[in-house]
Amino acid sequence: VTSQRPAWEPRAVDSDSESQSQTQLAAGLLDYYMREKKLEDILRESTEKSLFLKEGWVSMGWNVSGGEIYGRDPETGLAIFEGDAEYKVHTLPDVVRDIHKKDMNHDWVIIRERKNKFDLAAKYPELSAKLIGLTIDKEDELENEIVPFEAFENDECDLINIYTLRHRKTDSMPEGRMTVVADVDCVLFDGPLPYKDIYCFPITAAKAYETSFGHSPGMDLLPLQDAFNMTVSSILTNQAANAVQNFQVPKGAAPNLPIV
C-alpha cells in the first residue's frame, strides 16, 4: 500500500489563468510536505498501525511555534513564528469518539498526545506551576505494557498527556469548539474551532460491520497465534522438565521389536 508515493494532481475549480497557476503551487506544496515535512512517513506509520492495531489515525493542526521567526513580542520579548501545518499519528486508544455511531464520520473527537511540560510552561507562563507539577500516570503506562514497572521507580519524565477536544461546526454548535486541557483545572485553550473541520482521519484496512471501529487482518490471525502459542508452550514445558515425558501404560503393552 505504501510502496508508491501518492501521485498528486491538483485541479482548479475555475478555468481562469490565476486558478490554473495556483495548481502548480499546490502541487509544489504537496510535494514539499511529503518530502521535507515527512508526511510520507506519517502516512506509512499510520497504515502500519492500522494493520496491527485495527486503526491508525492522523490528525492535522496548526503549530503556532512552527516555521521561521519573523519578529518578537514587544512586551515579552518572545519570538513570533510564522506557524506551520503539522501532522501526528495516533492509535485507537488515543482517539476518543462516540462509540454508539455506526460509521467513522464523527462530529467530535478527543485526541490524546504527549508534550514536554517545560515547553508548555514556557508557552503558558500563567499555568507553569500546574504544568510542571503534572506527571504521567504509572498505571496508564502499565496497562499499555510500554515499559516495565521498574523503569518508573526513580525516573522522572518531562512528558505529560494533553487532551484536545475538536467539535465540528454543527447546528447545535455553529462555531464548533476546541478545548485543550492538561488536567481538570489546567485548561490551555477553549474557544471556537479555528479550522474548517476537525481534521482527524482514520486509516483502517476494513470497517467492523455496524460499528464505529475499524478491523485489520491481524485480528483474524489471533486464533491461529493462540493455537501456536499453546503448542510451543507444551513443548517448552516438557523441555523444562528435563525433556522427559511420562506415559502410564499397562505392563507388556510395549511392542516386541526384532533385534537387528
Side-chain angles (χ1 to χ4, degrees), residues 42 45-46 49 53 55-66 73 75-81 83-101 106-170 172-173 175-195 197-202 212-213:
I42 294 290
E45 181 182 352
S46 60
K49 290 182 184 297
L53 305 173
E55 299 172 7
W57 289 78
V58 176
S59 66
M60 176 183 175
W62 184 258
N63 182 10
V64 296
S65 300
D73 190 307
E75 297 182 359
T76 62
L78 298 176
I80 301 176
F81 295 86
D84 198 0
E86 65 176 0
Y87 306 89
K88 296 182 180 179
V89 180
H90 313 282
T91 58
L92 189 150
D94 293 328
V95 182
V96 181
R97 53 267 170 74
D98 187 355
I99 62 173
H100 301 289
K101 292 201 67 176
H106 298 282
D107 289 333
W108 60 267
V109 294
I110 299 177
I111 304 170
R112 179 181 66 174
E113 56 184 321
R114 289 187 175 169
K115 295 185 177 182
N116 188 294
K117 60 184 178 182
F118 295 102
D119 291 340
L120 291 172
K123 186 175 180 180
Y124 303 96
E126 68 280 3
L127 298 172
S128 59
K130 291 182 179 180
L131 289 168
I132 294 175
L134 295 176
T135 57
I136 294 178
D137 187 4
K138 296 181 180 179
E139 295 299 326
D140 180 44
E141 292 295 302
L142 295 175
E143 288 179 2
N144 289 282
E145 299 181 356
I146 297 176
V147 291
F149 179 78
E150 293 78 7
F152 284 99
E153 291 298 324
N154 298 309
D155 182 60
E156 293 185 1
C157 181
D158 295 342
L159 303 177
I160 58 175
N161 287 327
I162 301 297
Y163 302 87
T164 303
L165 164 70
R166 296 184 182 184
H167 196 295
R168 182 174 286 140
K169 298 174 182 179
T170 61
S172 60
M173 195 168 293
E175 295 184 350
R177 186 171 183 179
M178 189 169 83
T179 304
V180 184
V181 300
D183 204 357
V184 291
D185 59 346
C186 190
V187 180
L188 306 181
F189 176 83
D190 184 27
L193 183 69
Y195 312 126
D197 206 342
I198 58 177
Y199 295 136
C200 190
F201 310 98
S212 63
F213 296 98

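Note that the structure is a prediction, hence the values are computed from the model and not measured. Along the sequence shown, residues are numbered consecutively beginning with 1.
When each of Thr170, Asp98, Ile198 is paired with Asp107, the side-chain contact (heavy atoms from CB on, under 4.5 Å) condition holds for Thr170 and for no other. When Asp183, Val187, Val181 are each tested for a side-chain contact (heavy atoms from CB on, under 4.5 Å) with Asp185, only one passes: Asp183.
Counting all heavy atoms, side chain and backbone alike, Pro125 lies closest to Ser128 at O-OG, 3.0 Å. Summarising the geometry of Val64 relative to Phe81, their closest heavy-atom pair is O-CB, 3.4 Å, with the distance given to 0.1 Å. Closest approach of Val95 to Trp57, counting heavy atoms only: CG2-CG, 3.6 Å. Here the closest non-hydrogen pair linking Gly56 and Lys49 is CA-CB, 4.4 Å. Taking both residues in full, the closest heavy atoms of Ser212 and Glu55 are given as O-OE2, 4.0 Å, listed atom of the first, atom of the second, then distance. Closest heavy-atom contact between Lys169 and Gly176: CG-N, 3.7 Å.
Note that CZ of Phe118 is 9.5 Å distant from CD1 of Ile160, once rounded to the nearest 0.5 Å. Between Met60 atom CE and Tyr87 atom OH the span is 4.0 Å, to the nearest 0.5 Å. Taken from CD in Glu113 to CG in Asn161, the straight-line distance is 9.5 Å, to the nearest 0.5 Å. Rounded to the nearest 0.5 Å, atoms CG (Leu193) and OG1 (Thr179) are 10.0 Å apart. Taken from CD1 in Ile162 to CG in Leu131, the straight-line distance is 6.5 Å, to the nearest 0.5 Å. Between the NZ atom of Lys115 and the OG1 atom of Thr164 there is a distance of 6.0 Å, given to the nearest 0.5 Å.
The closest side-chain heavy-atom distance from Pro93 to Arg112 is below 4.5 Å.
Using a 4.0 Å cut-off between a side-chain N of Lys or Arg and a carboxylate O of Asp or Glu, Asp158 and Lys117 do not qualify as a salt bridge.
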Applying side chain to side chain contact (heavy atoms under 4.5 Å, CB included) to Asp84 and Asn63, what does each step give before you reach the verdict?
CA-CA 5 Å; Asp84 198 0; Asn63 182 10; 5.5 Å; no
Report the C-alpha distance between Asp197 and Arg166 in whole Å, list the side-chain angles of each, state the deciding distance to 0.1 Å, and finish with yes or no for salt bridge (Lys or Arg N to Asp or Glu O under 4.0 Å).
CA-CA 9 Å; Asp197 206 342; Arg166 296 184 182 184; over 6 Å; no
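Proximity of a side-chain donor or acceptor of Tyr124 to a complementary backbone N or O of Phe189 within less than 3.5 Å is not detected. Without hydrogens or angle criteria, Arg114 side chain to Ile136 main chain gives no donor-acceptor distance under 3.5 Å.
Within a 6.0 Å sphere centred on CD of Glu175, heavy atoms belonging to other residues, nucleotides or ligands number 12 at most. The environment of CZ in Arg168 is crowded: more than 12 heavy-atom neighbours from other residues, nucleotides or ligands sit within 6.0 Å.
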